[in-house]
Amino acid sequence: MSIRVYNTLTGEKETFEPVNPGKVGIYLCGPTVYKPSHIGHAVGPVIFDAIKRYLTFRGFEVTWVVNITDVEDKLIAEAAAQNVPVFELARRVTEDYNSAMKKLGVTGIDHMPKASEYIGDIIDYIQRLVDKGAAYPSDGDVYFDVTVCKGYGKLSNRSPDEQFGQRELQSGQKRNPGDFCLWKASKPEEPDAVKFDSPWGAGRPGWHIDCSVMSMKLLGETFDIHGGGMDLIFPHHENEIAQSETATGQSFAKYWLHNGLTRFNTKKISKSDEEMARFMEKMVLTRLLAERDGELIRYLILGTHYRSPIDFSDEEVEAKRKGLMTFYRLFDRVLRITGTGVYGDSPSLSQAPGAVEEPLRGFADDVLSYRQRFVEVMDDDFNTAAAIAVLFELAGRINRFIDEQKVETEPGDASKAAVLAAGRELVELGRLLGLFLEPRAIAGAGGGERLDAVMRVLIDVRQYCRQNKDFRAADMIRDKLAEIGVTLVDRPGGTEWETR
RNA sequence: GGCGGCGUAGCCAAGAGGACUAAGGCGCGGGUUUGCAAAACCCGUAUUCAUGGGUUCGAAUCCCAUCGCCGCCUCCA
């Protein structure tokens, strides 16, 4: 079976064949670091992190680049407004971004190049375009001439003739309205930190050129996958293609993958929309991740196919949280039964299929068939939503096995081993999506020794009441605890407590 | 005006010509279990995929039209 991906360039699903067999280069357009990132900025990184994990699992050696744009108009303006040095602001925002990525389990990024560190390469590149007659200086700016690029518009299906008449751009310095800026002349009031010397005078790179230069520098002139939000298709990615392919004479990225945009009340989260300002505040990643578990946000993002838009709401997050608990509860259950956590490194069922013997073989076969199904749906354009559905089915199958075999009350070595191997399988598959990376116990969870002891007392008192058939008192203890978010659970082996 | 996306159960969301009398999650109803719960498991929750035509032996899936929502064409993940 081969992997198929939807390519924006062709508008079709294609069989994935890397430029160099066995190796995959991925470039994802990262943030411009002038303001805190919001939930929408997390979608691309989370999805591509899952894609990298999956491709690695499928045997590819993956190199993943996410750029940081730290030389840009809005960053300069914001730094001036806050009265801080440009690169100081950039550094702070980048740090927040990185810590958010860490919480989201995005660990696969190999390079995070900054535009400011590639100025020399960018200048060389622009010079190359000028030498080819594809770019022209004008009053200290340098523009790309879209008319020299015959394929211009192939990504976004726009022809310059039809489209640019609509724009009210009558820049006197441009030859054509669709020409875009490669190099931007500095203005006197701008800080020296962003004035770079060039053959055309002091200035800084235009918006698109840094992506072309850094991607080709790190991944080669032709690489495999270029990703970003759908809002980048035009003009950003279109212009990247134009300048890159004109410069090298070769095709740029082979597959273009675009993720859907995050919406709120069916509207795109936008930086300029007044009515959304308050919501935006809440959706700032650092704030959101202070309140919500990173794994939950990641799970929420992966619960929708990457090309579909995500409607974000508190209600939806809460519903998803309940779903995730199903897995955590099962993991706790497996730990209770086997004494070994599913997060450990004992073999999963697929790693040691022989470990499960004949009477339980049917169960083992089911588990392996879910694994197969998981691979099938992921092969089909990285359908993480369908993959998660398989995870739920697998979890249900394991729970049913435990119930039917009465593994909790009448455990046998064979059935316990089967439960552990199946649980490990579930975690292993989840980890291909970047889920279940870290142990997350819900029973008797992290309140320290003192709380643990207090809970023990309450549980013992309640047990005493129950033995004396004083169920009103016993239930009162349980109900009061429930009100503060602590659930008491009576199990065959005794009572345990859980927090939400 | 041009380009693109979306419309599947109460909600979220897969499915992209035959395995669909349409996955999975949340919610809801019934049951097993329990002192009662919680959890888990079982059963039920869309004869139908915005609407109307068409192509086809066969369509949620392809084509056309209509309605509604959204994005891009200026900075945007």
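Lettering of chains follows the sequences in order, A, B, ..., and the numbering in each one begins at 1. Because the structure is predicted, anything quoted here is derived from the model rather than measured.
For A:Arg158 and A:Phe234, the positive end sits near the middle of the six-membered ring, less than 6.0 Å away and at most 45° from its axis.
B:rG27 and B:rC64 have their P atoms separated by 42 Å, given to the nearest Å. As rounded to the nearest Å, B:rA60 and B:rC6 have C1' atoms that lie 14 Å from one another. Rounded to the nearest Å, the gap between the C1' atom of B:rG4 and that of B:rA13 is 22 Å. Comparing B:rA50 with B:rG15, their P atoms are spaced 15 Å from each other, to the whole Å. Distance check on atom C1': B:rG17 versus B:rC63 gives 13 Å, rounded to whole Å. Look at the P atom in both B:rU21 and B:rG35: the space between them is 45 Å, to the nearest Å. Comparing the C1' positions of B:rC42 and B:rC57 gives an interatomic distance of 39 Å, to the nearest angstrom. To the nearest whole angstrom, the two P atoms, one in B:rU48 and one in B:rU32, are 33 Å apart.
Distances shorter than 4.0 Å separate none of the side-chain N or O atoms of A:Thr384 from OP1 or OP2 on B:rA14. Between B:rG24 and A:Thr326, no contact under 4.0 Å exists linking OP1 or OP2 to a side-chain N or O. Contact between the side-chain N/O atoms of A:Asn383 and the OP1/OP2 oxygens of B:rA14 is not found at any separation under 4.0 Å. Distances shorter than 4.0 Å separate none of the side-chain N or O atoms of A:Arg333 from OP1 or OP2 on B:rA39. Applying the 4.0 Å criterion to OP1 and OP2 of B:rC36, one finds that A:Arg478 has every side-chain N and O outside that range. Side-chain nitrogen and oxygen atoms of A:Lys322 include at least one within less than 4.0 Å of the OP1 or OP2 phosphate oxygen of B:rG27.
Side chain of A:Glu238 to main chain of A:Gly153: a donor-acceptor pair is present (N/O by atom type, distance under 3.5 Å, no hydrogens or angles). Checked by atom type and distance alone, the side chain of A:Ser215 pairs as donor or acceptor with a backbone atom of A:Ser212 at under 3.5 Å.
The line from NE2 of A:His41 to OG1 of A:Thr262 is 9.5 Å long, rounded to the nearest 0.5 Å. Here CG of A:Leu433 is found 10.0 Å from OH of A:Tyr54. Values are rounded to the nearest 0.5 Å.
With centroids closer than 5.5 Å and planes inclined by less than 30 degrees as the test, A:Phe392 and the base of B:rG25 fail to qualify as a stacked pair.
Between the side chain of A:Asn399 and the base of B:rC42, no donor-acceptor pair of N or O atoms lies under 3.5 Å. In this model, no side-chain donor or acceptor of A:Arg307 finds a partner on the base of B:rG15 within 3.5 Å.
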